[in-house]
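Order of the sequence lines sets the chain letters (A, B, ...), proteins ahead of strands, with each chain counted from 1.
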Amino acid sequence: MKEIQRYELIGKEFFQLSTLELAKALLGCLLVKESKEGVASGYIVETEAYMGPLDRAAHSYNNRRTKRTEVMFGEAGLVYTYVMHTHCLVNVVSGEIDRPEAVLIRAVEPFEGLELMYKRRGMMKETNLTSGPGKLTKALGISREDYGRNFYEPPLFIAKGYTPDSISSGKRIGIENSGEAKDYPWRFWITDNPFRSR
DNA sequence: CCGCGGATAGCA
DNA sequence: GCTATCCGCGGT
């Protein structure tokens, strides 16, 4: 409990924003993971919006509803994690119930628990610790066990951070096989932040 | 820049 | 069973 009081928690209402608005509003927020090993956190500096049934790049394209995508149909603020190859990626479920949209967290700026992050990731430049969706989950200790949790209560939660000076947007990454959807400008980052991905 | 690792889901 | 994937790294 004493841990929590250091953070300004955000309520579940925060996640009711439209998916594109949420993707921008999450920039500058603090992503915190508590574990047995300790606490690690970072400010979110890069996100991507996945717009559900009409978005070919989304797992929920065409309302595909399976064991994996099920949580996307739930309420905003739930945790959607999934594993690709050797990495785990983390998303914030958004949109109304039965509208399977989500925001992928692509990069954070390390804040607390630097030692723990180096231990999990190995020694390297600080700007390389969490500058990618697979890197930050490893550094923060986020895994598929977090699937279905919510982002407004421990052990994995989002707290108030700072308001970015400026936000940039552009094409999403790694979805070359998604037809026209690959060009939609649904990636957002804090302008000039050195901790964003490539 | 290229290739591969080696998890998982989704569909045949 | 087979294939694709919201990636990272280490070798060219």
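- Listed by chain and residue number, A:Tyr43 satisfy the ring-ring contact (aromatic ring centres under 6.0 Å, His included) test with A:Phe111 (two or more places apart in sequence, or in another chain).
- Defined by atom type and a distance below 3.5 Å, a donor-acceptor pair is missing between the side-chain atoms of A:Glu101 and A:Ser94.
- Set against C:dC6, C:dG8, B:dA7, the side chain of A:Tyr50 has C:dC6 as its closest nucleotide.
- A search for salt bridge (Lys or Arg N to Asp or Glu O under 4.0 Å) contacts involving A:Lys24 returns A:Glu21, not counting sequence neighbours.
- A:Arg68 contributes no side-chain N or O that, together with a main-chain N or O of A:His59, makes up a donor-acceptor pair within less than 3.5 Å.
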Could you run down the sub-3.5 Å N/O contacts of the protein with nucleotides 3-6 of chain B?
unit_1 : atom_1 : unit_2  : atom_2 : d
B:dG5  : O6     : A:His85 : ND1    : 3.1
B:dG5  : N1     : A:His85 : ND1    : 3.1
B:dG6  : N2     : A:His85 : ND1    : 3.2

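- Considering only the side chain of A:Met84, C:dC6 comes nearest among C:dC6, B:dA9, B:dT8.
- The minimum heavy-atom distance between A:Arg121 and A:Leu129, with the atom names listed, is NE-O, 2.9 Å.
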Secondary structure of DNA chain B per the Watson-Crick/G-U criterion (both distances under 3.5 Å; [ ] crossing, | other strand, . unpaired) is |||||.|||||.

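- At a cut-off of 3.5 Å, with distance as the only test, a side-chain donor of A:Glu48 or A:Tyr50 sits close to an acceptor on the other residue.
- With sequence neighbours left out, A:Glu109 forms a salt bridge (Lys or Arg N to Asp or Glu O under 4.0 Å) with no residue at all.
- Regarding A:Lys125, its NZ atom lies at a distance of 12 Å from the P atom of C:dC9, rounded to whole Å.
- The distance between atom CZ of A:Arg68 and atom P of C:dC6, rounded to the nearest whole Å, is 7 Å.
- Among the nucleotides C:dC6, C:dC7, B:dA7, the one closest to the side chain of A:Val83 is B:dA7.
- Listed by residue number, A:Leu89, A:Asn91, A:Leu104, A:Arg106 are the residues of residues 89-115 of chain A with a heavy-atom contact under 4.0 Å to DNA chain C.
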